[in-house]
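Each ligand, and each atom within it, is numbered from 1 in the order the structure gives. Fair warning: this is a prediction, and the values are worked out from it, not measured in the lab. No hydrogens, no waters, no symmetry mates; every other heavy atom, side chains included, goes into these values.
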Amino acid sequence: MTLQNYTIRPLSVSVGAEFEGIDLARPLDDADITTIRDTLAERCIVLFRGQNLTPQQHIDFSARFGELAIHPLDAYQHPDHPELFMVSNLPVDGKPSDTRNVGRFWHSDLCYTKTPSMGSLLYAREVPAIGGDTVFANMYRALETLSEPFRNMLEGMHAVHDYSRSPGLRDRDPETSARMVAKVPPVEHPLIVTHPESGKRSLFLSENFTCRIVGMTDKESAAVLDHLIANATRLENNYRHQWRAGDLIFWDNRCGLHYALADFDVDDPANRRHMHRTTIVGEAPQP
Ligand SMILES: O=C(O)CCC(=O)C(=O)O
Ligand SMILES: [Fe+2]
């Protein structure tokens, strides 16, 4: 049974699927949720355009996919809904928002924690006329497109993910950044992981946060990590989303990376970009 009539179309060869004709404010049954889940695990992101959701409706839809995370760090939360992480360049109490430059490099959300996020649902409330796109990459393909000898070398290896490498910390005052770093000590995760739903294997690493491969020298590690990110994020392996207000993108943090472009002036009041994000709790990545 399905409660709404919709169609699904790919967004690019490598990444993404759009559900057309679906209204997330209206009821969806378990079969619809399963279809969304399966498409997400296969395509790494799913897009729903033209949505008109209250914060509660956004939260209710997200909660059908798992427990919602409250961001572990000092984040900018919606005043009435701590589950909503605000990615916004609108001033807060007359001061520039701390989240006006979130995600300006290739990453998977909360990869620097023991249990990284399963997925995030970002809902665009206001977007600039031009700029502020988000780009996504498919980490199954990032693994598949490596040569067999290279893949064999990575088999069984672990990498260190360390929040203190975040370039965003430079924007915070030293006390806040020390407090944030103390909350999330470095963790190790397998470099090659198995997606718990699709059963397919993918690479698991981010730029900056993923700082070292266990057992390698610093130089070896840097060369390998650079190559893995460069290969993962080749243009052929991307989908670039130009946001419209009302778009909601659900991305899978277990098999995809994303990058929020800093190509517009975030401090120009004419460029309002205001998004609400929910984050689904995930499990420790398994090899
Ligand atoms: O603003 C965006 O497009 C994405 C920012 C980001 O990395 C996130 O919300 O996880
Ligand atoms: Fe992110």
Side-chain angles (χ1 to χ4, degrees), residues 11 15-16 40 44-49 51 55 58-59 62 65 68-78 81-90 96-113 116-128 130-139 161 163 165-169 171 180 184 204-210 229 232-233 238-267 271-282:
L11 288 170
V15 190
L40 177 71
C44 310
I45 77 164
V46 290
L47 164 66
F48 309 92
R49 289 223 192 245
Q51 302 300 316
H58 179 189
I59 289 168
S62 306
F65 299 93
L68 300 189
I70 311 282
H71 203 285
L73 302 174
D74 294 40
Y76 169 24
Q77 294 167 350
H78 189 288
H81 302 276
E83 307 92 325
L84 286 183
F85 173 54
M86 317 283 276
V87 179
S88 178
N89 67 351
L90 307 193
S97 152
D98 283 337
T99 60
R100 69 196 184 288
N101 275 313
V102 162
R104 304 286 186 220
F105 55 92
W106 287 105
H107 69 283
S108 163
D109 294 332
L110 306 182
C111 72
Y112 49 80
T113 64
S117 161
M118 170 270 196
S120 307
L121 297 94
L122 190 67
Y123 177 45
R125 313 288 303 223
E126 291 185 69
V127 296
I130 185 159
D133 296 357
T134 308
V135 195
F136 299 89
N138 177 331
M139 294 303 271
H161 301 247
Y163 179 72
R165 306 296 178 117
S166 174
L169 279 172
D171 298 341
M180 289 167 81
V184 279
F204 189 73
L205 79 157
S206 297
E207 251 183 315
N208 300 316
F209 295 142
T210 311
I229 289 289
T233 61
N238 282 352
Y239 166 69
R240 174 167 172 163
H241 187 66
Q242 210 173 348
W243 294 91
R244 294 180 209 150
D247 288 354
L248 185 145
I249 290 187
F250 185 3
W251 63 77
D252 192 320
N253 283 307
R254 303 164 299 184
C255 59
L257 294 182
H258 57 283
Y259 183 123
L261 292 188
D263 61 350
F264 68 107
D265 181 358
V266 292
D267 298 315
N271 291 329
R272 294 166 67 92
R273 190 175 188 274
H274 189 67
M275 330 281 266
H276 286 180
R277 190 185 99 186
T278 52
T279 314
I280 316 271
V281 170

Please step through side chain to side chain contact (heavy atoms under 4.5 Å, CB included) for the pair L205 and W106, ending with a clear verdict. CA-CA 9 Å; L205 79 157; W106 287 105; over 6 Å; no

Please report the interatomic distance NE2(H258) to NE2(H241), rounded to the nearest 0.5 Å. 13.5 Å

A student checking ligand 1 against D109 at a 4.0 Å heavy-atom cut-off should list atoms 10 (O)

Should F204 and H161 be marked as a side chain to side chain contact (heavy atoms under 4.5 Å, CB included) after you check the CA-CA gap, both sets of side-chain angles, and the distance that decides it? CA-CA 10 Å; F204 189 73; H161 301 247; 3.9 Å; yes

Vertex the Fe ion (ligand 2), arms to H107 NE2 and D109 OD1, rounded to 10°: 100°

Check ligand 1 against G103 and write out every atom of the ligand that is under 4.0 Å from a heavy-atom position of the residue. 7 (O)

Interatomic distance, H58 atom NE2 to H81 atom NE2 [nearest 0.5 angstrom]: 11.0 Å

So if I count the atoms of ligand 1 from 1 in the order they appear, which ones are less than 4.0 Å from some heavy atom of R277? 8 (C), 9 (O), 10 (O)

Under 4.0 Å from one or more heavy atoms of V87, ligand 1 contributes atoms 1 (O), 9 (O)

Atom 1 (O) of ligand 1: which protein heavy atom is closest, and how many Å away? R273 NH1, 2.8 Å

Give yes or no for whether the N/O distance cutoff of 3.5 Å, strictly under, is met between W251 and ligand 1. no

Could you list the atoms of ligand 1 found under 4.0 angstrom from a heavy atom of T134? 2 (C), 3 (O)

Note: ligand 1 atoms sitting under 4.0 Å from heavy atoms of L122 are 2 (C), 3 (O), 4 (C)

Just checking E126: does its CD atom have more than 12 heavy atoms from other residues, nucleotides or ligands closer to it than 6.0 angstrom? yes

Could you pull out the atom name of the N/O/S atom in H258 that is nearest the Fe ion (ligand 2)? NE2

Would W251 and C44 count as a side chain to side chain contact (heavy atoms under 4.5 Å, CB included) here? Give the steps. CA-CA 6 Å; W251 63 77; C44 310; over 6 Å; no

Among Y123, F65, F136, which residue satisfies the ring pair (Phe, Tyr, Trp, His ring centres under 6.0 Å) criterion with F250? F65

Quick one, M118 and R254 - any side-chain contact, counting heavy atoms below 4.5 Å? yes

Output the list of atoms in ligand 1 that are nearer than 4.0 Å to some heavy atom of H258, sorted by atom number. 6 (C), 7 (O), 8 (C), 10 (O)

